[in-house]
Amino acid sequence: MAIYTLPELPYDYAALEPVINPQIIELHHDKHHAAYVKGANDTLEQLEEARDKEQWGSINGLEKNLAFHLSGHILHSIYWNNMNSPKDGGGGEPLAADGVGDLADAITESFGSFAKFKAQLTKASATTQGSGWGVLAYEPISGRLIVEQVYDHQGNVGQGSVPILVFDAWEHAFYLQYKNQKVDFIEAMWQVVNWQDVNKRYQAAKASVPLISF
Ligand code: MN
């Protein structure tokens, strides 16, 4: 029985043009994201089998696969919702006038200014080595926002941090359109950020009870 399922895209394949072309969105969602969902489900089945048979020879690989596929599923599920069409208000900066003043204030408090935050997330995303992500996350101990440079889908992450805005910097996210110009893709991404969605995630993260205390 499948535990995880592939979510529907919140828009059609062409909705993010010209920033991301429809062919990339279709392959990225229908093939790549789907593979992470299947991978997470398959790995859970294999772990169940290992428990039943008490055969632990593959435990290291299975635990790594679980972290990889599950994190891939989670990050892509956030990614699709973090974007919307420039025609429908995607892009720009979070502004109090748009009802996202809390997020704007948190960005300023945590990074000094929106421009400094934008520069850090752009740089962190564009300079990923191999495959990875640039992530804006809520860090529950400090109550501040941080930028993380994630390796693959799961490495280099501060435990307990909650991703609220994610830039996919894997080659599959841009290569068909941007070729080797990863920095151009990341800079264009700012034109489709859905700040309403980011703010919704920020509010939910802030409201959740921190499970970490000293
Ligand atoms: Mn991806």
Side-chain angles (χ1 to χ4, degrees), residues 2-44 63-86 90-91 118 120-137 146-158 161-195 197-198 200-201:
I3 304 291
Y4 301 108
T5 55
L6 181 66
E8 294 285 314
L9 277 176
Y11 33 67
D12 63 46
Y13 297 134
L16 302 176
E17 284 205 290
V19 174
I20 309 178
N21 74 31
Q23 189 188 14
I24 289 178
I25 297 290
E26 182 172 3
L27 285 167
H28 197 170
H29 176 268
D30 296 7
K31 304 297 182 189
H32 291 280
H33 187 171
Y36 302 130
V37 172
K38 182 175 188 307
N41 287 324
D42 288 352
T43 307
L44 286 179
E63 296 291 1
K64 182 164 188 247
N65 287 346
L66 181 62
F68 177 81
H69 291 295
L70 176 57
S71 299
H73 175 39
I74 289 169
L75 288 175
H76 285 93
S77 298
I78 297 169
Y79 181 64
W80 307 124
N81 287 287
N82 274 167
M83 300 185 283
N84 71 352
S85 165
K118 185 176 176 179
Q120 185 178 343
L121 182 54
T122 299
K123 209 59 160 174
S125 305
T127 61
T128 50
Q129 296 176 325
S131 298
W133 298 72
V135 171
L136 173 67
I146 58 174
V147 164
E148 297 176 323
Q149 186 183 55
V150 177
Y151 303 153
D152 294 328
H153 302 307
Q154 77 277 26
N156 212 32
V157 173
S161 62
V162 182
I164 63 171
L165 172 62
V166 300
F167 285 0
D168 192 334
W170 283 54
E171 286 187 347
H172 68 222
F174 65 89
Y175 215 84
L176 288 174
Q177 183 175 354
Y178 292 85
K179 308 295 190 294
N180 60 323
Q181 298 302 312
K182 180 158 64 174
V183 68
D184 290 352
F185 167 63
I186 297 299
E187 284 174 357
M189 276 294 299
W190 293 98
Q191 297 170 44
V192 293
V193 174
N194 180 344
W195 292 111
D197 182 72
V198 181
K200 186 184 78 180
R201 293 175 194 283

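Atoms within a ligand are numbered from 1 in the order they appear, just like the ligands themselves.
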To the nearest 10°, how many degrees is the angle H28 NE2 to the Mn ion (ligand 1) to H76 NE2? 90°
Look at the N, O or S atoms of H33, main chain and side chain alike, and state whether any lies under 2.8 Å from the Mn ion (ligand 1). no
Run the ring-centre check on Y79 versus H28 and record whether the distance is less than 6.0 Å. yes
Using only atom types and a distance under 3.5 Å, with no angle test, would you say the side chain of N41 pairs donor to acceptor with the backbone of A2? no
H32 near the Mn ion (ligand 1): N/O/S under 2.8 Å: no
Would you please indicate if the ring centroids of W170 and H153 are separated by under 6.0 Å? yes
Please work out whether the ring planes of F174 and Y178 are parallel, tilted or perpendicular, with thresholds of 30° and 60°. perpendicular
Of all N, O or S atoms in D168, which has the smallest distance to the Mn ion (ligand 1)? OD2
When rounded to the nearest 0.5 Å, the distance separating CG of N81 from CG of L165 is 12.0 Å
For the Mn ion (ligand 1), what is the closest N, O or S atom on H172? NE2
